[in-house]
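Before any comments, here is the structure.
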2 protein chains.
Amino acid sequence: MSPTTVSNVLHGRTGRMAPETLQKVQSILDQTRYVSNMGAQILGRHGSRLIALIIAYYSYEKESLLEDPFVGSIMGSVEQTIRENGYFMMLYNNPDMDECLQMARAWNIEGMILLGAQRQDYYRMRRELKIPVVSIDSCYRRDDRGYVNVGLQDYEGGRIMTEYLISQGHKKIGYLALMQNGTDPSVVYLDSARLKGYEDAMRNHGLAVKKEWVTKLSTAEEERDAQVRQLARRRFDGCTALFFGSDAMALEAAMVFRQEGFRVPEDISVAGFDNIRLASRLSPSLATVDQNFEQKGRCAVCELLKLMRDPGYSSDIRLPVRLVPGESVRRIG
Amino acid sequence: MSPTTVSNVLHGRTGRMAPETLQKVQSILDQTRYVSNMGAQILGRHGSRLIALIIAYYSYEKESLLEDPFVGSIMGSVEQTIRENGYFMMLYNNPDMDECLQMARAWNIEGMILLGAQRQDYYRMRRELKIPVVSIDSCYRRDDRGYVNVGLQDYEGGRIMTEYLISQGHKKIGYLALMQNGTDPSVVYLDSARLKGYEDAMRNHGLAVKKEWVTKLSTAEEERDAQVRQLARRRFDGCTALFFGSDAMALEAAMVFRQEGFRVPEDISVAGFDNIRLASRLSPSLATVDQNFEQKGRCAVCELLKLMRDPGYSSDIRLPVRLVPGESVRRIG
DNA sequence: TTGTAGGCGTTATCAT
DNA sequence: ATGATAACGCCTACAA
């Protein structure tokens, strides 16, 4: 029995093969529980069936990274989709792009998903590795070509929540989020897209936005705590509703407000973004903008697979958002 | 220049080597940004530097697996520790042990961490793969030998929370948790250890435990919802405090109680287990038992590395718990 | 329809 | 102090 025959069986090239040979090979394969050695496969053909999920947040961007439901959901749904498609997932949680490059080369990674990386990192990976790369939630430029990113309708999210708050009678609405410093004006950052949605909604309803209503929150938990505490002591700068860039920050702030003697929503209305599992299970339930984390992960893998099949493939996906009203917003006026 | 010489440089076997040769090799290595091919390494030596994290929960055990802060924290901290020690992490989220075995064989996995697996799975992996395996939170038997598990002081956790509730004047205390059906009486399950801590604390304070105060919660969200709703309508079977097996379930239940018109903690005191990040950020803050998820992940990797160095190594680690008082428990009497 | 031979990149052993 | 060679397991092209 020669290796070729076995290889043919393994790869289903059983067209013109003696049925009894096939039988014999099959049964031995089954009996010995044969498993192909991936090391040899990497060496032999040039394919590893490995896809890397790179988590590139700096610790100061996502301090509670590990307990972050967004990151956890992405890891889980990406792994699942990768496995269902016959690939394996290497998890690599490192913002150092040089080390990511090394890892990818060492393992002959066939495709890469980038989470929390910068725009230039995306291009660097594709250029230096010459493998398909899909990013999740990267900021993008309108003129980007061949840049496969899975993002969200952030602008629409900012807009629909603001319109909801306005529909509940609010006229003085604050917006608070982590905002990356955009040096390049042509780059659309995630938070600035939401901010723009908020601003446009306000403008469209003839409402002015005071400068102090827009707050860039700190990435450090204590500083952020101090920021919202100051805001409460300034009686919210006159705002009756506050729209936060994430549910986590909205809940965090709500706690501080209560400590400062303000009730939610009686004294201040609060809204978030993400619709984390707990949002609807709290009292008061949190008004928020729903996004589907798992869908994002699955979608990223699907886009990657398309890109692996067709290197010329390009797309700019923006997954839909949905308004989730909640008790944390009071109807006024 | 021969491959051997280069290999020697790569592995630091530069003892009796001409300094200039070393220099030359080094500089070429640096210039070309040489990265060793892991496929070839797997084939050459018998080591892959791969550690697998197997997540083996059945979907009905952890329905919201992906957004579960416990699982997310473990994934993150395990990856980090693995990487810091020069290994790579393969994430494999599959309860099918046959497929896990296949994967491990295909990749020449050097070590394995099992999360959410059964006791017999642990033994099967070690037996069939002959590689070091560490489990996290597996149930265990007192007489287990060579079974490396990283667990928690569950009994103590159950006890200290119950004693806290008693110290706050509660005498009628309920315990609610997912509980695995223990067929083997010598096996100590995680939830039953906590239950025992609860029972012992009650007994030690001369308090009787009525049968209906101990509830086995369903793994299905809707059923669980119905269970706690019924409980509320039965006026908590006379209990003044309820101790839940996890923060997530405590918060979930608290929401149902409010829907049914009961206030926490005025009408019913509630306590959880885990100390998830949100527990302290809610109003009322949740009384809970703290466990450190990330420590568990790091610890599992450390134990695995020890086991990889010394195949005879054995341990049974139980990480400490800590009481976290909270506003969700009212002082009565 | 099946067998043979060479190559993939690395390591270990042995020879120079 | 360096080089040659075989082996690791699989794949492919070509030969029989």
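Protein chains get the first letters and strands the later ones, always in sequence-line order, with residue 1 at the start of each.
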Find out whether [X] and [Y] are in side-chain contact, i.e. whether some heavy atom of one side chain is under 4.5 Å from a heavy atom of the other.
X      : Y     : answer
B:Y34  : B:L10 : yes
A:N108 : A:L50 : no
B:Q102 : B:D98 : no

Spacing of [X] atom [atom1] relative to [N] atom [atom2], expressed in whole Å:
X      : N      : atom1 : atom2 : answer
A:N37  : C:dC8  : CG    : C1'   : 13 Å
A:Y34  : D:dG9  : OH    : P     : 10 Å
A:Q41  : C:dG7  : CD    : C1'   : 16 Å
B:I42  : D:dC10 : CD1   : P     : 12 Å
A:N108 : C:dT10 : CG    : P     : 10 Å
A:R105 : C:dT10 : CZ    : P     : 13 Å
A:M38  : C:dG9  : CE    : C1'   : 16 Å
B:N8   : C:dT11 : CG    : P     : 10 Å

**Request:** Let me know which of B:R298, B:Q295, B:E303 forms a side-chain contact (heavy atoms from CB on, under 4.5 Å) with B:V150.
**Result:**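 Per the side-chain contact (heavy atoms from CB on, under 4.5 Å) rule, the option paired with B:V150 is B:E303, out of B:R298, B:Q295, B:E303.
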
**Prompt:** Could you give the angle between the helix axes at the two ends of the helix from C:dT1-D:dA16 to C:dT16-D:dA1, with five pairs per end, rounded to 10 degrees?
**Reply:**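 What I find for the helix from C:dT1-D:dA16 to C:dT16-D:dA1 is an axis angle of 50°.
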
**Request:** Indicate yes or no for a side-chain donor-acceptor contact from A:Y92 to the backbone of B:R83 under 3.5 Å, with no hydrogens or angles considered.
**Result:**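 A pair under 3.5 Å: no.
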
**Message:** Can a donor-acceptor pair be found, under 3.5 Å and without considering hydrogens, that links the side chain of B:D310 to the backbone of B:K306?
**Reply:**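 Flag not set: sc B:D310 to bb B:K306 has no pair under 3.5 Å.
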
**Check: C:dT1 base within 3.5 Å donor-acceptor of A:T5 side chain** =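 Looking at the base of C:dT1, it does not pair with any donor or acceptor on the side chain of A:T5 (distance under 3.5 Å).
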
Considering non-hydrogen atoms only, spot the tightest contact between [X] and [Y] and give its length.
X      : Y      : answer
B:M90  : B:M103 : CG-SD, 4.1 Å
B:Y87  : B:R49  : CE1-NH2, 3.3 Å
A:P132 : A:L304 : O-CD1, 3.6 Å

N or O in side chain of [X] less than 4.0 angstrom from [N] OP1/OP2:
X     : N      : result
B:S36 : C:dT10 : yes
A:S7  : D:dC10 : no
B:R13 : C:dT11 : no

**Prompt:** So which nucleotide from C:dT4, C:dT10, D:dT5 ends up closest to the side chain of B:T4?
**Reply:**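 Ranking C:dT4, C:dT10, D:dT5 by closest atom to the B:T4 side chain puts D:dT5 first.
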
**Message:** Quick check for you: among D:dC8, D:dC11, C:dT10, whose closest atom lies nearest to any side-chain atom of B:L43?
**Reply:**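 Among D:dC8, D:dC11, C:dT10, the one nearest the side chain of B:L43 is D:dC8.
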
**Asked** Heavy-atom contacts under 4.0 Å between residues 18-27 of chain B and DNA chain D, which residues?
**Response**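 When residues 18-27 of chain B is checked for heavy atoms under 4.0 Å from DNA chain D, the hits, listed by number, are B:A18, B:T21.
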
